[in-house]
Chemist: 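Sharing a structure with you now.
Keep in mind that this is a model prediction, so the values were computed, not measured.
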Amino acid sequence: MESYNTNSTNLTRNQKRTIVSTSAGFALENMDVMFLSFALAPMIASLHISGAEAGLISSITNLGMLVGGVIFGLLGDRIGRVKTFSHTIFIFAFATAAMFFAKNIWVIYILRFIAGIGAGGEYGVGITLIAENFKKQHVGRMTSVAAIGGQIGAIFAAVMASLIIPNFGWNALFLVGLVPVALAFIVREHLQESPVFLESQHTAEGKKKISLGQLFTSKKQAYQTIALMFMVVVQIAGYFGLMNWLPTIMQKQLGITVSGSSIWMIATIVGMSIGMMTFGSILDYLGPRMAYTIFLLGSAVSVFLITLAANEITLILAGAVLGFFSNGMFGGYGAIISRLYPTHIRATANNLIVNVGRAIGGFSSVVIGFLMDHYNLITTMSFLAVLYLLSFAVMLSIPALRSLKMRNAADDEEEKTAA
C-alpha cells in the first residue's frame with residue numbers, strides 16, 4: 001500500500017493519479033456547466049423560452065447535484081471513494097450527451113437533473129481522495145490544483161462552443177459529454193483507495209453508523225455545517241450567476257459575438273486559476289480566516305468592475321480580476337471541510353455541504369435572470385456584493401475556523417528534513 005509522501009515535490013504514483021483523475025473529473029464537470037452557459041442564448045431563441053425558464057435549467061441541475069451528493073457521499077463513505085467516483089462519471093457523461101436529442105424544455109430539465117446526480121457525487125468524493133492522500137499542510141494547494149482542472153475544462157468548453165454552435169447548433173455541443181466515459185475506465189482500473197480510508201475500515205470509527213445526522217450531532221457542529229452551507233451557497237450563487245449570464249449580457253447588451261464572449265470567458269477563467277493557486281497558498285500558510293477574508297471582500301468589490309468596463313480590453317481585465325476573487329476560493333471549501341469532519345463521514349460532509357450550496361445557490365441564475373429583465377446591471381451586481389459580505393460575516397462566526405491551521409512549525413520542519 002502506498003502512503004503519502006512528506007515532500008510535496010516528490011509525489012507517489014497514487015498521489016499523481018489522484019490529482020490527475022480528480023482534476024480531469026472537475027474539468028469535465030465544469031466543461032458541462034460552461035456548455036450550458038454558451039448554449040443559453042441560442043437555446044432561448046430556438047425553444048422560445050423566457051429568461052427565467054432558461055435560468056431554471058441550472059437550478060434543476062443543481063437540485064440533481066444535491067440528490068447525487070447525498071447518495072454518493074454516503075456510498076463513498078461506505079463502499080469506497082474510487083468505486084463511487086467512477087460510477088458518478090458514467091451517469092454524468094451519458095446524461096450530458098443525451099442533450100443532443102433534447103427538443104423541448106421539459107426534456108432538458110429531466111436530462112439536466114440526471115446529469116446533476118452524477119456531477120453532485122463527483123466533487124465531494126474527489127476532494128476527499130485528495131484530502132486523504134496528501135499531508136494536511138499541502139491540502140489547500142492540492143485542492144486548488146484540482147479546481148484549476150475545472151477551469152481548463154471551462155476553457156475547452158469556450159473553444160468548443162465557438163467552433164460547434166455557429167456551425168452545428170447548440171445541441172451538438174453536448175455530444176462532447178461522452179469524453180468522461182474514457183476517464184471512468186481509467187479511474188476504475190488504476191486509482192487506489194486512500195490508505196486513510198482503508199485503515200479506518202478496521203477501526204471503531206470505520207464501523208460507526210454513516211448518516212446525514214452525523215453532521216448535526218451537537219449544536220456547535222450543526223451550526224458549523226449550516227454556516228458552511230451558507231458560504232457555499234454564496235460561492236455558487238456568484239459563480240453560476242456570473243458565468244451563466246455574463247456571456248448573454250455581452251452578446252445582447254454589448255453586441256459581442258459568441259467568439260468574442262469566449263475570449264472574455266477565457267480571460268476570466270485564467271484569472272480564476274491564478275486566484276485558486278494564490279488562495280490555496282494563503283490557506284496553507286496563513287489559515288482559512290485570512291484567506292477567506294481577503295477573497296470574500298475582494299469579490300464584493302470586484303463585481304462592480306464589470307459595470308465600469310468601457311471597451312473589450314477593460315472588459316477582459318475586469319473579468320480576470322473578478323474571476324481571481326470570486327472563484328479563487330472554491331477549492332478551499334473541500335480542504336477545510338475535510339479537516340473539520342472525521343474520516344468516516346468525510347465524503348458525506350463534502351458532498352452534502354457543497355451540494356446544498358449548489359442547489360440553493362444555483363437559483364441565482366433565476367434571480368439574476370429576473371433582475372436583468374427588470375433592473376440594470378449595477379443592481380444585479382449589488383445583489384452579488386451583498387451576498388459576499390454576508391458570507392464574510394458568517395465565516396467569522398464559525399468557531400472552528402478561529403483555531404484551524406492547515407500547517408504548523410512542525411510541518412515546516414518536516415518539509416525541511418524531507419527536502
Chemist: Could you report the tightest heavy-atom contact between Ile130 and Ala146, atom names first, then the distance?
Modeler: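 What the structure gives for the nearest pair is CD1-CB, 3.5 Å.
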Chemist: Taking atom CD of Glu122 and atom OG of Ser21, what is their separation to the nearest 0.5 Å?
Modeler: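 Glu122 CD to Ser21 OG: 9.5 Å, rounded to 0.5 Å.
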Chemist: According to ring pair (Phe, Tyr, Trp, His ring centres under 6.0 Å), who are the partners of Phe304, at least two apart in sequence or on a separate chain?
Modeler: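 Listed in chain order: nothing, the list is empty.
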Chemist: If we ignore hydrogens and angles and just use 3.5 Å, is the side chain of Asn133 paired with the main-chain N or O of Thr18 as donor and acceptor?
Modeler: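 Pair absent, no side-chain N/O of Asn133 close to backbone of Thr18.
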Chemist: Does the side chain of Leu340 reach to within under 4.5 Å of the side chain of Leu228, using non-hydrogen atoms?
Modeler: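 They are in contact (side-chain heavy atoms under 4.5 Å apart), so the answer is yes.
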Chemist: Provide the closest heavy-atom pair for Met276 versus Phe330 in the form atom of the first, atom of the second, distance.
Modeler: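 Between these two residues, the closest heavy atoms are CE-CB, 4.4 Å.
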Chemist: Do the side chain of Asp284 and the main chain of Gly140 share a donor and acceptor less than 3.5 angstrom apart?
Modeler: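 It does hold such a pair.
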Chemist: Looking at Gly120 and Asn351, what are the two nearest heavy atoms and their distance?
Modeler: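 Looking at all heavy atoms of both residues, the closest pair is O-OD1, 3.2 Å.
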Chemist: Return the CD1 to CZ distance between Ile108 and Phe101, rounded to the nearest 0.5 Å.
Modeler: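 So the CD1 of Ile108 and the CZ of Phe101 are separated by 14.0 Å.
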Chemist: Which distance, rounded to the nearest 0.5 Å, do you find between the CD1 of Ile378 and the CG of Leu371?
Modeler: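 Ile378 CD1 to Leu371 CG: 13.0 Å, rounded to 0.5 Å.
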Chemist: Does some side-chain heavy atom of Ile353 sit less than 4.5 Å from a side-chain heavy atom of Met231?
Modeler: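 Side chain of Met231 against side chain of Ile353, heavy atoms only: no contact under 4.5 Å found.
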Chemist: With the side chain counted from C-beta on, respond yes when Ile60 and Leu56 share a heavy-atom pair under 4.5 Å apart, and no when they do not.
Modeler: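 Yes, close enough: below the 4.5 Å cut-off.
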Chemist: Shortest non-hydrogen contact from Ile105 to Ile49?
Modeler: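 The answer is CD1-CD1, 3.8 Å.
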Chemist: Side-chain contact test, heavy atoms from C-beta onward, threshold under 4.5 Å: evaluate it for Met277 versus Val145 and give yes or no.
Modeler: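 Answer yes - side chains close enough.
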Chemist: Mind running side chain to side chain contact (heavy atoms under 4.5 Å, CB included) on Leu163 and Met160 for me, showing each step along the way?
Modeler: CA-CA 5 Å; Leu163 295 174; Met160 290 295 99; 3.9 Å; yes
Chemist: Which residues pass the side-chain hydrogen bond (donor to acceptor under 3.5 Å, both in side chains) test with Asn350, sequence neighbours left out?
Modeler: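 Here the qualifying residues are Thr128, Ser338.
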Chemist: What pairs of residues pass the salt bridge (Lys or Arg N to Asp or Glu O under 4.0 Å) test when at least one of them lies in residues 53-66, not counting sequence neighbours?
Modeler: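 Found none.
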Chemist: Is a side-chain donor or acceptor of Asn355 paired with a backbone partner of Gly121 at a separation under 3.5 angstrom?
Modeler: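 Checked: no pair found.
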Chemist: With sequence neighbours excluded, what pairs up with Ser281 under the side-chain hydrogen bond (donor to acceptor under 3.5 Å, both in side chains) test?
Modeler: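 side-chain hydrogen bond (donor to acceptor under 3.5 Å, both in side chains) list for Ser281, sorted by chain: empty.
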Chemist: Run the numbers on Phe35 and Met99 for side chain to side chain contact (heavy atoms under 4.5 Å, CB included), then give the verdict.
Modeler: CA-CA 11 Å; Phe35 280 173; Met99 284 283 287; over 6 Å; no
Chemist: What is the minimum heavy-atom distance between Ile336 and Pro288, and which atoms define it?
Modeler: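 Ile336 and Pro288 have their closest heavy atoms at CG2-CB, 3.9 Å.
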Chemist: Return each pair, listed once, that meets side chain to side chain donor-acceptor pair (under 3.5 Å) where at least one residue sits in residues 105-115; pairs must be two or more places apart or across chains.
Modeler: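 Passing the test, one end in residues 105-115: Asp32-Arg112, Thr61-Arg112.
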Chemist: Can you name the residues that form a ring pair (Phe, Tyr, Trp, His ring centres under 6.0 Å) with Phe295, not counting sequence neighbours?
Modeler: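 With sequence neighbours excluded, Phe295 shows a ring pair (Phe, Tyr, Trp, His ring centres under 6.0 Å) to Phe279, Phe324, Phe325, given in chain and number order.
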Chemist: Begin with the C-alpha distance, continue with both residues' side-chain angles, and end with the deciding distance and a verdict on side chain to side chain contact (heavy atoms under 4.5 Å, CB included) for Val176 and Ile164.
Modeler: CA-CA 10 Å; Val176 184; Ile164 294 174; 4.1 Å; yes
Chemist: Sub-3.5 Å donor-acceptor pair from the side chain of Thr268 to the main-chain atoms of Gly323, do we have one?
Modeler: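 Flag not set: sc Thr268 to bb Gly323 has no pair under 3.5 Å.
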Chemist: To the nearest 0.5 Å, tell me how far Phe230 CZ sits from Thr225 OG1.
Modeler: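 Between atom CZ of Phe230 and atom OG1 of Thr225 there are 15.5 Å.
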Chemist: Considering only residues two or more places apart or on different chains, which pairs with a residue in residues 57-78 satisfy salt bridge (Lys or Arg N to Asp or Glu O under 4.0 Å)?
Modeler: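 Passing the test, one end in residues 57-78: Asp77-Arg81.
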Chemist: For the atom pair CZ (Phe92) and CD1 (Ile117), what is the distance rounded to the nearest 0.5 Å?
Modeler: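 So the CZ of Phe92 and the CD1 of Ile117 are separated by 13.5 Å.
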Chemist: Please examine the side chains of Thr96 and Met31, heavy atoms only from C-beta on, and report whether any two atoms are closer than 4.5 Å.
Modeler: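 A side-chain contact under 4.5 Å is absent here.
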Chemist: Using modelled atom types only, decide if a donor and an acceptor are shared between the side chain of Gln221 and the backbone of Gln214 within a distance under 3.5 Å.
Modeler: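 Indeed, once roles are kept as given, a pair shorter than 3.5 Å links the two residues.
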Chemist: Give me the ring orientation class for Trp170 and Phe174: parallel if the planes are under 30° apart, tilted from 30 to 60°, perpendicular past 60°.
Modeler: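 Taking Phe174 first and then Trp170, their aromatic rings stand perpendicular (interplane angle over 60°).
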Chemist: His138 vs Arg141, test: side chain to side chain contact (heavy atoms under 4.5 Å, CB included). Steps then yes/no.
Modeler: CA-CA 6 Å; His138 302 147; Arg141 279 171 289 173; 3.2 Å; yes
Chemist: Aromatic contact between Phe168 and Phe100, with the criterion being ring centroids under 6.0 Å apart: yes or no?
Modeler: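 Aromatic pair excluded; centres sit 6.0 Å or further apart.
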Chemist: Kindly indicate, with the supporting measurements, whether the criterion side chain to side chain donor-acceptor pair (under 3.5 Å) is fulfilled by Tyr341 and Thr348.
Modeler: CA-CA 10 Å; Tyr341 295 87; Thr348 301; over 6 Å; no
Chemist: Is there any salt bridge (Lys or Arg N to Asp or Glu O under 4.0 Å) pair reaching into residues 349-364, and which pairs are they, with sequence neighbours excluded?
Modeler: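 Counting only pairs at least two positions apart or across chains, the salt bridge (Lys or Arg N to Asp or Glu O under 4.0 Å) contacts touching residues 349-364 are Glu29-Arg358.
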Chemist: Thr293: which residues meet the side-chain hydrogen bond (donor to acceptor under 3.5 Å, both in side chains) condition with it, sequence neighbours left out?
Modeler: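 Partners of Thr293 under the side-chain hydrogen bond (donor to acceptor under 3.5 Å, both in side chains) test: none.
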Chemist: Run the side-chain donor-acceptor check on residues 388-398: report pairs under 3.5 Å with partners two or more places apart or on a different chain.
Modeler:
unit_1 : atom_1 : unit_2 : atom_2 : d
Ser397 : OG     : Tyr223 : OH     : 2.4
Ser397 : OG     : Val394 : O      : 2.6

Chemist: Considering non-hydrogen atoms only, spot the tightest contact between Leu63 and Phe113 and give its length.
Modeler: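 That would be C-CE1, 3.9 Å.
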Chemist: Taking only residues two or more places apart in sequence, or in another chain, which ones meet Thr278 in a side-chain hydrogen bond (donor to acceptor under 3.5 Å, both in side chains)?
Modeler: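 Per chain and number, Thr278 pairs via side-chain hydrogen bond (donor to acceptor under 3.5 Å, both in side chains) with no residue.
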Chemist: Just to verify, which of Thr84, Val70, Thr88 counts as forming a side-chain contact (heavy atoms from CB on, under 4.5 Å) with Leu75?
Modeler: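 With Leu75 as partner, side-chain contact (heavy atoms from CB on, under 4.5 Å) holds for just one option, Thr84.
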Chemist: I need the Ile337 CD1 to Ile345 CD1 distance, nearest 0.5 Å.
Modeler: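 Interatomic distance, Ile337 CD1 to Ile345 CD1, rounded to 0.5 Å: 11.5 Å.
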Chemist: Not counting sequence neighbours, list each pair that qualifies as a salt bridge (Lys or Arg N to Asp or Glu O under 4.0 Å) and has a residue in residues 87-102.
Modeler: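 Every candidate salt bridge (Lys or Arg N to Asp or Glu O under 4.0 Å) pair involving residues 87-102 fails, so no pair, neighbours aside, qualifies.
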